[in-house]
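Report on one structure; see the data block that follows.
The first residue of the sequence shown is numbered 1, and numbering continues consecutively from there.
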Amino acid sequence: MNSAKGGYRVFSANSSPACVELAKRITERLGIELGKAVVYQETNGETRVEIQESVRGQDIFIIQTIPRDVNTSVMELLIMTYALRTSCAKNIIGVIPYFPYSKQSKMRKRGSIVCKLLASMLSNAGLTHIITMDLHQKEIQGFFNFPVDNLRASPFLLQYIQEEIQDYRNAVIVAKSPDAAKRAQSYAERLRLGLAVIHGEAQCAEHDMADGRHSPPTVKNTTVHPGLEIPLMMAKEKPPISVVGDVGGRIAIIVDDIIDEVESFVAAAEILKERGAYKIFVMATHGILSADAPNLIEDSAIDEVVVTNTVPHEVQKLQCSKIKTVDISLILSEAIRRIHNGESMSYLFRNIAMDD
């Protein structure tokens, strides 16, 4: 590997303890020191970034986790990227384990595709490559005009299941909605376990939200040409909640990519308990755990929530003893090493199918 002075540096894009800790774990694995930079908020609320060492002609990797103040984190990343660009860095690679605004990747009524806007902003600021993990929609990669490596956290979560969940052979992988069935199927096939899917009125799937195709609202317009009668789409009505698959006397492991508001997970845990599951785990890559999520988890039928450190959640762990963290700095550091050395990234995607 090249030395730090020979061609690359790693910087933390904010001074939050979680981001600095992740950046230090990555640099320790790479055998280099963390780049010297200061990121702070001025009294008027503006973000200021100062690069305190030369980066001319080097590959620069910016580690940016996304805490609760999403918009400030985005500005920190944009400003640091631009500062490095004007300091003549050769390549600027954003290491953004959880990509913000990834849920806003589709048109909703008269809204906008904010994720596409953010991709354009990052490109204009000077990013030349992005390393991220488990994008909410894989199609987001098409929003960028430069390479995007969408790594997977599933190997680390699968390892946790095998090593930390006793009697995991008696478990069943659960999708809390039909939308999550493909991810759950991937886990079930790799662990050689059964699969169950929760379906019914308690779920509020993202695909059921109105998008641009139903804007303006589908009401009969009296100004339509008298000879033109467009049939109206029938309204959806979800059936009573049900579980497809046997969970009686089993350990239920609910898998998803993001845990943000947890009401749907709590409702899923309750129905699984009613159907005979004696222990319930929830596993996801990104533990955003916003609002009152920690308290809801603590008072629920969920036994344990396992997330990675792509998103800072130290405060939530203090509020809820059921939250556990899996470290993914290993795969991020290896991705950085391979990109800098011009090596193939295919090793990091081995045994990953197109639909995973």
Side-chain angles (χ1 to χ4, degrees), residues 13-22 41 45 47 63-77 95-106 108 111-115 117-118 132-137 140 153 157 174-177 179-180 183 198 202-209 253-270 280-328:
N14 68 57
S15 57
S16 69
C19 187
V20 174
E21 180 186 358
L22 179 60
Q41 309 298 317
T47 300
I63 313 295
Q64 179 64 311
T65 57
I66 306 297
R68 291 190 176 186
D69 191 352
V70 178
N71 296 328
T72 297
S73 299
V74 169
M75 286 305 301
E76 290 171 345
L77 180 59
V95 183
I96 314 168
Y98 170 67
F99 195 79
Y101 290 98
S102 58
K103 286 189 174 182
Q104 297 189 49
S105 59
K106 298 180 180 180
R108 304 297 183 197
S112 60
I113 305 177
V114 183
C115 194
L117 171 63
L118 180 56
T132 187
M133 183 164 283
D134 284 331
L135 287 170
H136 188 55
Q137 300 287 343
I140 291 173
L157 297 176
V174 179
K176 71 178 180 67
S177 70
D179 288 339
R183 181 182 300 272
I198 298 176
Q203 304 303 316
C204 182
E206 184 180 353
H207 298 299
D208 292 340
M209 298 172 63
I253 304 175
I254 304 172
V255 297
D256 213 333
D257 63 328
I258 298 174
I259 302 179
D260 190 357
E261 296 176 347
V262 299
E263 285 81 357
S264 60
F265 291 95
V266 171
E270 290 176 357
I280 299 170
F281 291 80
V282 176
M283 312 197 77
T285 303
H286 310 297
I288 300 174
L289 302 168
S290 58
D292 199 31
N295 294 327
L296 291 174
I297 293 170
E298 190 69 32
D299 298 335
S300 72
I302 298 171
D303 293 283
E304 194 169 285
V305 173
V306 183
V307 293
T308 73
N309 54 345
T310 57
V311 177
H313 52 267
E314 285 70 22
V315 174
Q316 292 90 327
K317 289 181 73 172
L318 294 174
Q319 298 172 326
C320 178
S321 60
K322 296 180 179 181
I323 301 172
K324 309 297 180 184
T325 306
V326 175
D327 179 31
I328 44 79

Item to complete: Rounded to the nearest 0.5 Å, what's the gap from OG on S300 to CG on N295? Could you check?
Response: 11.0 Å
Worksheet entry | Student check: side-chain heavy atoms of V305 and F265 closer than 4.5 Å | no
Worksheet item: Is there a donor-acceptor pair under 3.5 Å between the side chain of K176 and the backbone N or O of D256?
Response: no
Worksheet entry | Any donor-acceptor N/O pair, T132 side chain to I96 backbone, under 3.5 Å | yes
Worksheet item: Is there any salt bridge (Lys or Arg N to Asp or Glu O under 4.0 Å) pair reaching into residues 291-308, and which pairs are they, with sequence neighbours excluded?
Response: none
Discussion item. Checking Q41 now: which residues fulfil side chain to side chain donor-acceptor pair (under 3.5 Å) with it, not counting sequence neighbours?
Written reply: T47, E76
Worksheet item: Is any side-chain heavy atom of I254 closer than 4.5 Å to a side-chain heavy atom of I198?
Response: no
Worksheet item: Looking at side-chain heavy atoms only, is the closest gap between N71 and Y101 below 4.5 Å?
Response: yes
Worksheet item: Between S16 and N14, is a side chain to side chain donor-acceptor pair (under 3.5 Å) present by the stated rule, with each step listed?
Response: CA-CA 6 Å; S16 69; N14 68 57; 2.6 Å; yes
Worksheet, complete the sentence: salt bridge (Lys or Arg N to Asp or Glu O under 4.0 Å) filter on D134, not counting sequence neighbours, yields none
Fill in: L296 backbone acceptor or donor facing E263 side chain under 3.5 Å
no
Worksheet item: Do S112 and L117 have side chains that get closer than 4.5 Å, going by heavy atoms?
Response: no
Practice prompt. State, with a plain yes or no, whether a side-chain heavy atom of Q64 is found less than 4.5 Å away from one of C19.
Written response: yes
Worksheet item: So do Q316 and I297 actually touch side chain to side chain, heavy atoms under 4.5 Å?
Response: no
Fill in: salt bridge (Lys or Arg N to Asp or Glu O under 4.0 Å) against D69, all qualifying residues, sequence neighbours excluded
none
Discussion item. Under the rule for ring pair (Phe, Tyr, Trp, His ring centres under 6.0 Å), what residues qualify as partners of F99, not counting sequence neighbours?
Written reply: F144
Worksheet item: How many angstroms lie between OG1 in T285 and NE2 in H136, if you round to the nearest 0.5 Å?
Response: 12.0 Å
Worksheet item: What ring-ring contact (aromatic ring centres under 6.0 Å, His included) pairs are there with at least one residue in residues 293-326, not counting sequence neighbours?
Response: none
Worksheet item: Just by distance, do the side chain of E314 and the backbone of A18 share a donor-acceptor pair under 3.5 Å?
Response: no
Item to complete: Using a 4.5 Å cut-off on heavy atoms from C-beta on, say whether the side chain of I66 contacts that of H286.
Response: no
Worksheet item: With side chains defined as the heavy atoms from C-beta onward, is the minimum distance between P67 and S73 less than 4.5 Å?
Response: yes
